[in-house]
Amino acid sequence: MIDKNSTTLLSIKNLHASINTTEILNGINLTVKSGEIHAIMGLNGSGKSTLAKVLAGHSAYEVTAGTIEFEGKDLLALPPEERARAGLFLGFQYPIEIPGVANTQFLRLAYNTIQAQRGKDELDPLEFDDFVREKMKLLDMKPDFLDRSVNEGFSGGEKKRNEILQMALLEPKLSILDETDSGLDIDALKIVANGVNQIAHKDNAIILVTHYQRLLDHIVPDFVHVMQAGRIVMTGDKKLAMELETRGYDWINADQRLATGVNA
Amino acid sequence: MSNSVTNSNDYLQYLLKSWSAKSASELTGLNQLRASAIDSVGTQKLPNKHDEEWRFTDISPLTRLTYPPSQQQSRLQFSDIDKFCLQNTTNRLVFVDNHYSPDLSNVADSQIQILGNLHSLMSSHASTIESHLGHYAKFDHDIFTALNTAFLHDSALIIVPAKTCITEPIHLLFIASQQEVSSYPRSLVVSGPDSKVTLIEDYVSINQSSYITNTVTEIRLAAHAQVEHIRVQRDSKQAHHLANCAVSLADSSQYQSICVSLGARISRYNLEVQLTGENSNCTIDGLTLISGQQLSDTHTSIDHVKPNCTSRQQHKCIVDGTAHAVFNGKIKVRPQAQQTNSSQSSRNLLLSNTAKVDTKPQLEIFADDVKCAHGATVGQLDSEEIFYLESRGLSKTTARNLLTYAFAADVINRIPVASLKQQLEQIVLNQTQGI
């Protein structure tokens with residue numbers, strides 16, 4: 001929800017980033033305030049996932065220009081784990097499988113790390129078990145999720161639910177959900193969206209990175225941004241997503257050309 | 001080269017001189033065994049890198065370590081060894097510098113005469129001992145087995161009667177307390193028909209000193225016997241550890257081995273399993289976890305002699321620093337061993353750019369109706385996995401440790417003794433703490 005009095009969580013200015021000297025982000029500007037839900041849409045290769053990974057601190061990407069401030073602090077100066085501890089969360093498009101590590105062990109380790117950072121009590125395995133089972137109800141997850149290895153042999157839907165479970169446990173201030181809807185059937189999509197909606201409140205913010213409008217039927221964004229060639233080329237409200245759904249991304253191109261007076 | 005041969009000869013001459021013909025026991029057979037072993041030592045030489053079986057492992061530093069056999073001088077109290085003891089394990093035989101320590105040992109029911117030092121079981125089991133000791137680990141082609149046999153003194157014995165199931169694991173604890181000595185631990189397990197036993201063969205040290213441990217273990221499984229054998233080598237990082245283990249399986253018996261190598265500057269473990277009875281089966285899991293300048297070499301041989309046997313093996317090495325791990329896994333299927341089902345996997349994780357691993361599967365198949373699979377991989381920690389964990393707030397070190405642990409987990413999880421499993425989990429979780 002948009003609230004004039006809310007505080008700015010994220011401020012991206014003129015962000016340029018490249019991988020192996022190929023520039024992917026080409027001047028991103030974006031401001032996200034607490035309580036807001038933003039959707040970033042665009043075709044494959046437009047730079048959406050790169051933006052998500054740069055925010056989380058993936059070392060393969062080099063920021064060549066621009067600034068990112070998170071609650072007024074220089075985010076780019078922090079390694080990935082400190083960004084997480086500061087309250088930033090990335091829901092992965094392809095969650096990593098870690099055979100040999102029980103999901104519950106991983107979740108508790110992550111939870112306790114963040115709790116310690118916030119000066120709060122860590123939970124022992126028994127306490128954590130009660131706590132996590134309560135959170136799992138949000139996502140309609142079976143208890144055997146806890147004993148299985150992290151994401152190993154999980155279906156696409158189970159992996160994405162596991163991501164949102166982590167989001168629910170870590171209570172981040174800003175969550176970037178990278179194509180959380182991809183690979184989900186409609187039932188799983190509803191469960192995941194319902195989970196996200198319950199986690200969202202006035203003091204946190206969410207950036208949804210997605211191709212399709214269908215996720216936005218269930219999680220209603222306050223802003224929709226369209227990315228193209230590493231820039232945000234258009235910003236609107238939820239109606240923009242619907243327009244994209246019916247008219248396709250080519251419509252943006254045509255619209256852009258009109259706006260800038262360039263002939264194709 | 002002549003120089004090192006001279007050194008090698010000098011070294012063996014030195015060891016020969018320290019041998020005495022004095023009676024080790026009332027068993028005349030044992031003295032004969034010792035005497036023929038020392039004769040065999042006289043005809044052999046130390047292996048060097050020109051020997052195919054030792055091409056990756058340079059044992060020549062040993063020739064500079066003329067350590068005399070360890071003497072009995074232990075003043076260890078229970079408080080000194082408490083940290084090595086395992087919860088819920090009441091049967092424990094303790095050998096300090098290879099001298100049996102009855103005070104530190106604990107045998108739940110000494111009346112049944114199932115386990116103990118060689119000497120204490122001599123009267124009740126003389127013929128069993130004579131017909132098994134030295135029958136599986138042959139010394140005529142292995143200088144270290146020959147030396148161990150020549151210096152045979154105290155030994156851990158487990159003799160499980162037919163149809164007997166020993167539910168609690170038996171802990172064989174070999175403690176090194178003296179520096180610059182050689183000790184020759186020896187174990188013999190004879191499991192009767194339809195029996196079942198779990199043993200933990202555990203090598204530890206009181207301090208980080210230099211010494212040589214040269215061990216031999218022999219295990220015989222009668223028909224339908226089941227033996228679980230957990231071997232943990234956590235010697236001092238300055239020590240040299242040379243080990244031979246020979247296992248012989250009769251019809252329908254099952255041998256399960258889990259071997260964890262953590263310690264020693266240079267270590268070599270030879271495991272030879274002979275499936276000499278039909279329908280027998282073995283599973284062998286190995287984990288080598290080394291760092292610094294350690295060298296750890298595991299050579300295994302699984303010999304399918306009879307038809308319808310299965311073997312499954314996985315060996316994992318985790319190598320950090322400038323350490324060097326070696327795995328050589330031979331699987332032999334003899335002409336009559338039809339319907340053999342055998343699999344072997346060697347997986348290796350290098351934690352630094354200077355760590356090294358040599359892995360060599362070696363299949364020798366002479367039967368035509370068999371199923372044998374093998375594979376080997378060498379890799380590093382996956383940067384995407386590390387990033388995933390970091391993005392959840394874990395430090396790089398914690399992330400690396402967790403992934404290293406995950407790599408080792410399927411070997412460690414097979415250990416059926418919870419307290420030992422937890423100890424090893426902690427060791428692996430702290431392995432890359434320095435990074």
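Since the model is a prediction, treat every value here as computed from it, not as a measurement. Within every chain, numbering begins at 1; the chains are lettered A, B, ... in the order of the sequence lines, protein sequences first and strands thereafter.
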**Item:** A:F92 ring center near B:F387 ring center (under 6.0 Å)
**Value:**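 Yes.
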Just give me the residue among [options] that pairs up with chain B most often, heavy atom to heavy atom, under 4.5 Å.
options: A:I98, A:L88, A:I114; value: A:I98
options: A:P172, A:P95, A:A110; value: A:A110
options: A:S149, A:A56, A:S59; value: A:A56

Does any backbone or side-chain atom of [X] lie under 4.5 Å from a heavy atom of chain B? Answer side chain, backbone, both or neither.
X: A:L109; answer: both
X: A:E97; answer: backbone
X: A:F89; answer: side chain
X: A:N151; answer: side chain

**Message:** Let me confirm one number: the CD1-CD1 distance from B:I386 to A:I96, rounded to the nearest 0.5 Å.
**Reply:**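 Reported value, rounded in 0.5 Å steps: 11.0 Å.
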**Message:** If I take atom CD from residue A:Q166 and atom OG from residue B:S391, how far apart are they, to the nearest 0.5 angstrom?
**Reply:**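 Going from the CD atom of A:Q166 to the OG atom of B:S391 covers 7.5 Å.
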Is it the case that over 12 heavy atoms from other parts of the model lie below 6.0 angstrom from the [atom1] atom of [X]?
X: B:Q293; atom1: CD; value: no
X: B:D82; atom1: CG; value: yes
X: B:K360; atom1: NZ; value: yes

**Asked** Taking C-beta and beyond as the side chain, do B:Y388 and A:Y94 meet within less than 4.5 Å on heavy atoms?
**Response**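 The answer is no; the side chains never approach within 4.5 Å.
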Looking at [options], which makes the most heavy-atom pairs under 4.5 Å with chain A?
options: B:A409, B:G393, B:S395; result: B:G393
options: B:L402, B:D382, B:L403; result: B:L402
options: B:E390, B:E384, B:E385; result: B:E390

**Item:** All pairs passing ring pair (Phe, Tyr, Trp, His ring centres under 6.0 Å) where residues 141-162 of chain A contributes a residue, at least two apart
**Value:**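 The answer is A:F145-A:F154.
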**Asked** Quick check: does any side chain N or O of B:R392 sit under 3.5 Å from a backbone N or O of A:L90, one acting as donor and the other as acceptor?
**Response**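 Such a contact is found between B:R392 side chain and A:L90 backbone.
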**Contacts of residues 60-86 of chain A with chain B (heavy atom under 4.5 Å)** =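 Under the 4.5 Å heavy-atom cut-off, A:P80, A:E81, A:A84, A:R85 qualify.
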